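A short worksheet on the structure shown next.
Everything quoted here is computed from the prediction, not taken from an experiment. Below, each value reflects all heavy atoms present in this structure, side chains not excepted, and no hydrogens, waters or symmetry copies.
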Amino acid sequence: MSCSVGTCKEDLLFMQVGWRRFRAKKHDLEQPLRIKLLNFIYPIIFLVLVLASNATEWITCFSRNQVTSTTTMSNTSGAVTINCRSQILATEVLPIAFNAIAYLWGIYLFRFTDPEYLSTLMETVFLRCSDSYSQKRLKRVLQIFLALCMAWIPFTFCANIVRIFSLQLLDDNISIESISEVNTPGSPSPLRYFLVILTLAGYIIVDLVYISVLINYVSQCQLIIVFITSITEGVRNKSLSLEEASKVMFRVQEFLETLNGHFANMQSLCLVIFVGALFFSAKDLLYSNSSSLGTLSVIAGLLNIIQWIIVAAFPLIQAARLTRHCSKLRSLGLEIAARPYIYSDATQESLDGFLLFTSSTRYAANLFCFPFYTKYLIICIVVVGFAGSLLKFPIEWI
């Protein structure tokens, strides 16, 4: 079991994007000076790269939310120039701030809060694994989550490559406004190529941060779901006494309080980024001039929308699943009271006490500081679909 737990720890915390110390021990004084310097400098470099990706995105007009470039033609020379000054607040300034906050928040959580929480959660859940949900199955599910999240990074990389050609960023006959002084149309510009490549590399760094937040949240949700499943099954098959089940439910409350704290808030912040990017991507695809949309632009637009739907839907689905399983704990007392022969040897006071305790629980997974239910997920799908017909909403002032 310890081997499985160790493997799952690596699966759950695989993205150490400067959030964990290298060779971290119990006391920092035990670490060599070079390791201390690395632990201090590495997250600073990572943060600079996160911020630089947004800065170079603005300089090169390499937007993740557009499929066609906004171009202007000079009246005198006839030269074509790419410009991207519109919607600067919504598409550039806010993402820079949100990305920086998400990364710094991760450093705080994984370096300065309780480092043993995730280990305690995983060990507790593995010890409670039942026959219907074995340790091997749990390990396999967490590995699938990891594989799916890791697969998102090459998917977005391919989408970014398609977008480079869709936006004509490497066309030497078209200059970029912000570097037009050193980018003469018709001649290669090393600076232009360097900035585009730097932006592409920066996107990978930012995506690593997104995936780190995502895999941490969805994995914790899955672990708590399995923990709740083991409790309900234990009560039904009498492997748990009513008193013991009540005590174990307090652990569920502790895990949920931690999950619904900083972890849920950080995931909510990322969801704001994802939904905003999805909105602007859909708007740009649906309401671009049809004459400027080629096959490559349509493919880039569809890839844009798909990539943001995936990372936005995954935590919402997991939060809804966790809340649904929490509701099973609330109905567990009614189930036992309706079928008292399951605990025929228990006193009426014990049955009434267990019913009262379970009916008073209000466990749920929170997002945006509110409990997230399955009905909210359905509402989100309906609203997103309905908003597709209203994307002509005048937001150019942003």
Side-chain angles (χ1 to χ4, degrees), residues 1-16 19 106 109-110 114 116-152 210-234 248-249 251-268 270-271 274 310-330 332 361 363-367 371-374 376-377:
M1 187 273 293
S2 60
C3 180
S4 298
V5 172
T7 304
C8 285
K9 288 178 183 177
E10 296 174 2
D11 291 346
L12 186 61
L13 301 175
F14 70 101
M15 288 298 178
Q16 298 184 0
W19 291 350
L109 286 180
F110 291 102
D114 184 9
E116 300 299 326
Y117 163 72
L118 294 177
S119 300
T120 302
L121 173 60
M122 282 182 282
E123 291 172 0
T124 302
V125 174
F126 267 81
L127 289 172
R128 286 285 178 181
C129 280
S130 59
D131 294 335
S132 62
Y133 211 112
S134 64
Q135 296 177 5
K136 184 178 180 180
R137 180 185 175 186
L138 175 57
K139 177 182 174 182
R140 184 168 60 250
V141 169
L142 294 179
Q143 289 175 338
I144 291 173
F145 284 178
L146 174 61
L148 291 175
C149 290
M150 290 299 295
W152 186 76
Y210 293 158
I211 290 302
S212 299
V213 176
L214 179 63
I215 189 63
N216 177 70
Y217 182 80
V218 299
S219 297
Q220 286 193 56
C221 287
Q222 186 63 31
L223 288 168
I224 299 176
I225 287 173
V226 175
F227 190 45
I228 293 174
T229 301
S230 69
I231 295 174
T232 55
E233 290 184 356
V248 175
M249 287 184 190
R251 299 303 305 275
V252 176
Q253 181 179 356
E254 293 173 1
F255 292 144
L256 282 173
E257 287 177 352
T258 304
L259 175 67
N260 291 334
H262 290 294
F263 293 113
N265 292 335
M266 187 164 58
Q267 181 61 69
S268 299
C270 289
L271 279 172
F274 301 156
I310 291 173
V311 289
F314 201 1
L316 294 178
I317 292 173
Q318 280 294 92
R321 290 183 63 234
L322 177 55
T323 301
R324 181 169 57 84
H325 279 76
C326 289
S327 65
K328 293 181 180 180
L329 288 179
R330 192 157 52 248
L332 186 61
T361 59
Y363 300 158
N366 290 359
L367 283 174
F372 192 83
Y373 297 94
T374 304
Y376 295 161
L377 179 61

*Give the C-alpha distance, both sets of side-chain angles, the deciding distance and a yes or no for side chain to side chain contact (heavy atoms under 4.5 Å, CB included) between R324 and K328.*
CA-CA 7 Å; R324 181 169 57 84; K328 293 181 180 180; 4.0 Å; yes
*asked:* I'd like to know if the side chain of Q143 pairs up with that of R140 as donor and acceptor (distance under 3.5 Å, no hydrogens or angles considered).
replied: no
Mind listing the closest non-hydrogen atom pair of [X] and [Y] along with its distance?
{"X": "N216", "Y": "F263", "value": "ND2-CD2, 2.9 Å"}
{"X": "A365", "Y": "A319", "value": "CB-O, 3.6 Å"}
{"X": "N366", "Y": "N260", "value": "N-OD1, 2.8 Å"}
{"X": "P315", "Y": "V218", "value": "CA-CG1, 4.0 Å"}
{"X": "Q135", "Y": "F126", "value": "NE2-O, 3.1 Å"}
{"X": "F227", "Y": "V248", "value": "CZ-CG1, 3.4 Å"}

_Using the ring centroid of each side chain, check whether F314 and Y217 are separated by less than 6.0 Å._
no
_N/O donor-acceptor pair under 3.5 Å between T323 side chain and Y373 backbone_ = no
Any chance you could measure [X], atom [atom1], to [Y], atom [atom2], to the nearest 0.5 Å?
{"X": "M122", "Y": "T120", "atom1": "CE", "atom2": "OG1", "value": "9.0 Å"}
{"X": "E233", "Y": "S230", "atom1": "CD", "atom2": "OG", "value": "7.5 Å"}
{"X": "I231", "Y": "L329", "atom1": "CD1", "atom2": "CG", "value": "6.0 Å"}
{"X": "E254", "Y": "L121", "atom1": "CD", "atom2": "CG", "value": "11.0 Å"}
{"X": "L332", "Y": "S327", "atom1": "CG", "atom2": "OG", "value": "11.0 Å"}
{"X": "N265", "Y": "L271", "atom1": "CG", "atom2": "CG", "value": "11.5 Å"}

*State, with a plain yes or no, whether a side-chain heavy atom of L148 is found less than 4.5 Å away from one of I310.*
no
*Does the side chain of Q222 reach to within under 4.5 Å of the side chain of R321, using non-hydrogen atoms?*
yes
_Let's go through L223 and L138 carefully: what are the C-alpha distance in whole Å and the side-chain angles of both, what is the deciding distance for side chain to side chain contact (heavy atoms under 4.5 Å, CB included) to 0.1 Å, and is it a yes or a no?_
CA-CA 8 Å; L223 288 168; L138 175 57; 3.8 Å; yes
*Dump the intermediate steps for side chain to side chain contact (heavy atoms under 4.5 Å, CB included) on L214 and W152, then the final yes or no.*
CA-CA 11 Å; L214 179 63; W152 186 76; over 6 Å; no
